[in-house]
Amino acid sequence: MNERDELISEALTVLDQNWLGESTRPAPRLYPHQWSWDSAFIAIGNAGRNSARATRELDALFRGQWSNGMVPHIVFGPTDDHYFPSASFWQSRLSPDAPSMDTSGICQPPVHALAVGAVVRRLDDGRPFLAGIFDRLCAWHDYLFEERTIAGGLAEIWHPWESGMDNSPAWDDLMANLHPRADEIPAYERVDTAVVDAADRPTGWEYDRYAYLAAFLRDQNYAPTDPAAIPFRAHDVLFNSLLARSEVEIAGLAGLVGADPTLHVDRAAALGDTIHRRLWDESLGMHASLDVRTAQRIPVQIAGGFAALLAAPPPQMTTTIVQTLSDILVPLSDRAVALPTVPVTDPGFEPTRYWRGPAWINLMWLTAHGLDEVGEPTLARRLRNGITTLVRAGGFHEYFDPTTGTGHGSSDFSWTAALSIAATDELADSA
Ligand code: 9WN
């Protein structure tokens with residue numbers, strides 16, 4: 001077996017081991033249920049190898065969709081243990097919108113349309129699958145455009161977990177501005193630090209605030225009546241750029257099910273314009289997320305900001321972004337690079353702590369796609385080579401120290417395996 005086939009076969013074994021029967025857990029012990037954006041990445045990896053499983057994965061996730069359209073960030077399995085916050089913490093059925101199975105009460109970045117598109121393109125006839133999921137996908141986006149777009153034309157996140165990049169330095173000031181009273185922090189017991197090295201995970205101070213914010217939303221049955229009272233509100237670049245790119249994807253799929261693409265084309269264009277107008281930060285040379293409560297952009301260079309490449313930036317902006325990105329990428333060899341979540345030159349860079357420095361395969365993969373879309377295939381290739389280099393040397397870890405290449409967090413991490421398959425196939429296709 002050549003190196004390429006070997007990597008794919010090992011990645012498929014990880015996905016097999018994490019398969020729960022209807023969906024795939026992100027990791028064996030750390031994340032035992034179904035997570036929203038993980039499942040989208042996992043379906044992308046399975047699309048070309050095990051398309052039946054990819055369709056089941058997405059169907060299972062959308063079975064957890066709320067009647068207001070929200071796709072929850074976790075769909076719980078039957079056993080409510082070994083994870084904090086558990087189903088009994090979230091109590092999703094406090095909301096009349098929640099389905100009969102247990103879910104969390106918040107969401108994650110809208111990458112699902114990209115997964116549906118990837119799966120549909122790999123099926124002999126993708127129309128039956130698409131017909132079953134298309135309206136649900138549109139309802140998810142309607143929720144984001146109607147209930148989460150409150151001011152300024154961008155969708156809001158209400159919890160750092162909704163960004164998918166939980167303890168990113170982008171959220172430091174917003175978190176520091178939360179001043180929960182002791183009785184507003186619910187009692188909880190962490191499970192994560194019993195499974196992986198606590199030094200690689202968010203701190204106790206951060207977890208107190210995660211628990212406080214989740215309980216705040218829960219105590220209003222997940223339907224806060226006064227947006228101004230929500231303690232954490234951000235316009236995240238990654239979240240909104242994925243929404244804009246996903247609208248383009250939906251527009252492309254619409255014809256296959258006889259739907260009208262116009263709304264989606266218009267939404268993608270308007271959202272893209274707003275992202276490039278409101279989130280562009282000339283002094284950083286890239287986009288930055290915005291604190292809705294202060295109406296200020298958050299002046300830090302975060303890898304998620306490069307997702308703006310997926311939202312059709314204008315040419316001059318693109319040139320600047322690509323230059324900034326090139327300066328931040330860390331060489332792994334003469335043809336492979338890693339994308340750290342925070343520049344290694346940043347005083348706050350922590351090489352092994354979660355979203356505060358390590359390289360994450362999903363951000364590298366999304367950035368490679370953004371580069372393809374703005375006509376930078378050579379740099380895209382170096383990023384995909386970076387993905388295969390990191391996993392060959394470090395295994396299918398959750399994240400990697402970009403300065404040494406060592407793997408951290410959970411081993412046998414599903415989206416690392418899935419996107420290694422996708423990157424390997426894309427490298428072969430572009431050779
Ligand atoms: C909270 C499952 C998830 C990912 C997130 C990642 C991490 C959860 C946690 O794991 O978050 O949702 O417990 O830390 O930050 O992006 O979806 O892999």
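Values in this document were obtained by computation on a predicted structure and should not be read as measured data. When a ligand or atom number is given, it counts from 1 through the structure's own listing order.
For atom 7 (C) of ligand 1, the candidate residues are Tyr354, Trp161, Tyr207; the nearest heavy-atom contact is made by Tyr354. Looking at Tyr83, Phe84, Phe41, Trp37, it is Tyr83 that brings a heavy atom closest to atom 1 (C) of ligand 1. Checking Gly164, Ser410, Pro109, Ser104 against atom 16 (O) of ligand 1, the nearest heavy atom belongs to Gly164.
Once rounded to the nearest 0.5 Å, the distance linking CD of Glu398 with CZ of Arg201 reads 6.5 Å.
Counting only heavy atoms from C-beta outward, the side chains of Gln34 and Leu20 never approach each other to under 4.5 Å.
Not a single heavy atom of Asp192 lies less than 4.0 angstrom from ligand 1.
Neither the backbone nor the side chain of Met165 has any atom closer than 4.0 Å to an atom of ligand 1 (non-hydrogen atoms only).
At least one N/O-N/O distance between Gln108 and ligand 1 falls below 3.5 Å.
The residue from Asp166, Asp200, Asp172 that alone fulfils the salt bridge (charged side-chain N to carboxylate O under 4.0 Å, His left out) condition with Arg356 is Asp172.
Ligand 1 places these atoms under 4.0 Å from at least one heavy atom of Arg201: 9 (C), 13 (O), 14 (O).
Taking the six-membered ring for Trp and thresholds of 30 and 60 degrees, Trp35 and His33 have ring planes inclined between 30 and 60 degrees apart.
Annotation: ring pair (Phe, Tyr, Trp, His ring centres under 6.0 Å) contacts of Phe84 (sequence neighbours excluded): Phe89, Tyr188.
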